[in-house]
Amino acid sequence: MASTDEAAKKEKKLYHTKATGAALATVKKHSKDDSLKLYGSCFCPFVQRVWISLELKQIPYQYIEVDPYEKPESLLKINPRGLIPALKHGDWGCYESTVLMEYLEDLGQGISLLGTDPKTKANCRLWSDHINRSIIPNFYKYIQAQEADKQAEAAVEFKNQIMKLVDAADATGPFFLGKDISFVDVQFAPWILRLNRVLKPYRGWPDPEPGTRWANWVEAIEGNEFVKATTSTDELYLDSYERYAENRPNTSQVANAINEGRGLP
Ligand SMILES: N[C@@H](CCC(=O)N[C@@H](CS)C(=O)NCC(=O)O)C(=O)O
């Protein structure tokens, strides 16, 4: 009985509203006013995609931490749906992480993540679509599943969708197109980071088998300096995702969409 009482009393962990570790240092470096503003939250993987792109390209920007569940007016003005990431460039604003990554690419500043070859670009867009449509929704299905059989089913599907991407990647790697990080890697990186920090503790997600193509990819993402610069300490992710792992009501628009069998918002 005591253990049930303890469980009932267990304090619910909430999402964080301030970056920690290396990500906090980056936030501080980018706190000054700039014509390019990224509205984001420290725990959000969709934001992290855009944030990594800015860091990789070394484009000057201002990082503005917002709580997307409080939906401040400054965010709603850019994105009436109140989702982050949102980008403001001068008087113009836009949202949707993939669209924003393409926008930064089109600015033509810093390194290019898509390159110039039309066929390579089309291939990257194809696999970016696979990440958005088939990998990410299965990440949430897996973390939100409560019954053991549903979790096992979701784990298989999630892994299968990842392996399709691994099979489509350059054979040597370690990144999707070869030795350099590019668009598809950045699209996937935030969820790769959350395998070890979220799916492992909450669902027992296994470490990749050493020496495999998949293991080398994960290692390369974890070791990239610009990915690291946008990553908080492990506790921030563990706490922020407890509400997904418990599938608490009204966790987020993403969680609702998954529970209702819809695509990502
Ligand atoms: N499809 C969007 C998804 C963005 C998204 O769902 N962001 C979450 C935070 S990780 C959010 O803003 N949630 C607010 C809410 O659920 O109301 C994108 O790629 O930018």
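Values reported hereafter were calculated over all heavy atoms of this structure, with side chains retained and with hydrogens, waters and symmetry mates removed. Start at 1 and go down the list; that is how both ligands and their atoms are numbered.
For an aromatic pair to be called close, the ring centres must be under 6.0 Å apart, and Phe226 with Trp51 fails this. In this structure, the ring of Phe43 has its center no less than 6.0 angstrom from the ring center of His16. If you look at His89 and Trp92, their ring centroids are not closer than 6.0 Å.
Classified by interplanar angle (parallel below 30°, tilted 30° to 60°, perpendicular above 60°), the ring pair Tyr244/Tyr140 is tilted. Using cut-offs of 30° and 60° for the angle between ring planes, the Trp191 and Phe139 rings count as perpendicular.
Close contacts between ligand 1 and Pro85 involve ligand atoms 20 (O) [criterion: under 4.0 Å to a heavy atom]. Those atoms of ligand 1 with a heavy atom of Lys71 less than 4.0 angstrom away are 14 (C), 15 (C), 17 (O). For ligand 1, the atoms lying closer than 4.0 Å to a non-hydrogen atom of Val254 are 6 (O). Ligand-side atoms of ligand 1 in range of Gln253: 15 (C), 16 (O), 17 (O), range being under 4.0 angstrom from any heavy atom.
Annotation: atom 10 (S) of ligand 1 to nearest protein heavy atom, Cys44 SG, 2.7 Å. Given atom 3 (C) of ligand 1, the protein heavy atom at minimum distance is Pro265 O, 3.6 Å. Distance from atom 13 (N) of ligand 1 to its nearest protein heavy atom, with residue and atom name: Leu83 CD2, 3.5 Å. What sits closest to atom 19 (O) of ligand 1 on the protein, heavy atoms only, is Ser97 OG, 2.6 Å.
Residue contacts with ligand 1: Phe43 is placed with no nitrogen or oxygen under 3.5 Å of a nitrogen or oxygen of the ligand (distance criterion only). Checked against a 3.5 angstrom limit, the closest N/O atoms of Ile84 and ligand 1 fall inside it. In terms of polar-atom proximity, defined here as any N/O pair under 3.5 Å, Glu96 does make such a contact with ligand 1. Looking at ligand 1, you won't find any N or O of Ser252 less than 3.5 Å from one of its N or O atoms. Among the atoms of Arg49, none of the N or O lies under 3.5 angstrom from an N or O of ligand 1.
Contact analysis leaves Arg81 out of contact with ligand 1, as no non-hydrogen atom separation drops below 4.0 angstrom. No heavy atom of Leu264 sits closer than 4.0 Å to any atom of ligand 1.
Taking all atoms of both residues into account, the shortest heavy-atom contact from Phe188 to Ile162 is CZ-CG1, 4.0 Å.
Figure legend: cation-pi geometry between Arg125 and Trp127 absent, as NZ or CZ is not positioned both under 6.0 Å from the six-membered ring centre and within 45° of its axis.
With contacts defined as side-chain heavy-atom distances shorter than 4.5 Å, the pair Gln144/Thr251 does not qualify.
When non-hydrogen atoms are compared, ligand 1 lies under 4.0 Å from neither the backbone nor the side chain of Tyr95.
Taking hydrophobic clusters as Ile, Leu, Val, Met, Phe, Trp and Tyr residues chained together by side-chain heavy-atom distances below 4.5 Å, Ile192 shares a cluster with Val166.
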| task | Evaluate side-chain contact (heavy atoms from CB on, under 4.5 Å) for Asn250 paired with Tyr69, printing each intermediate quantity in order. | result | CA-CA 10 Å; Asn250 302 319; Tyr69 307 111; over 6 Å; no

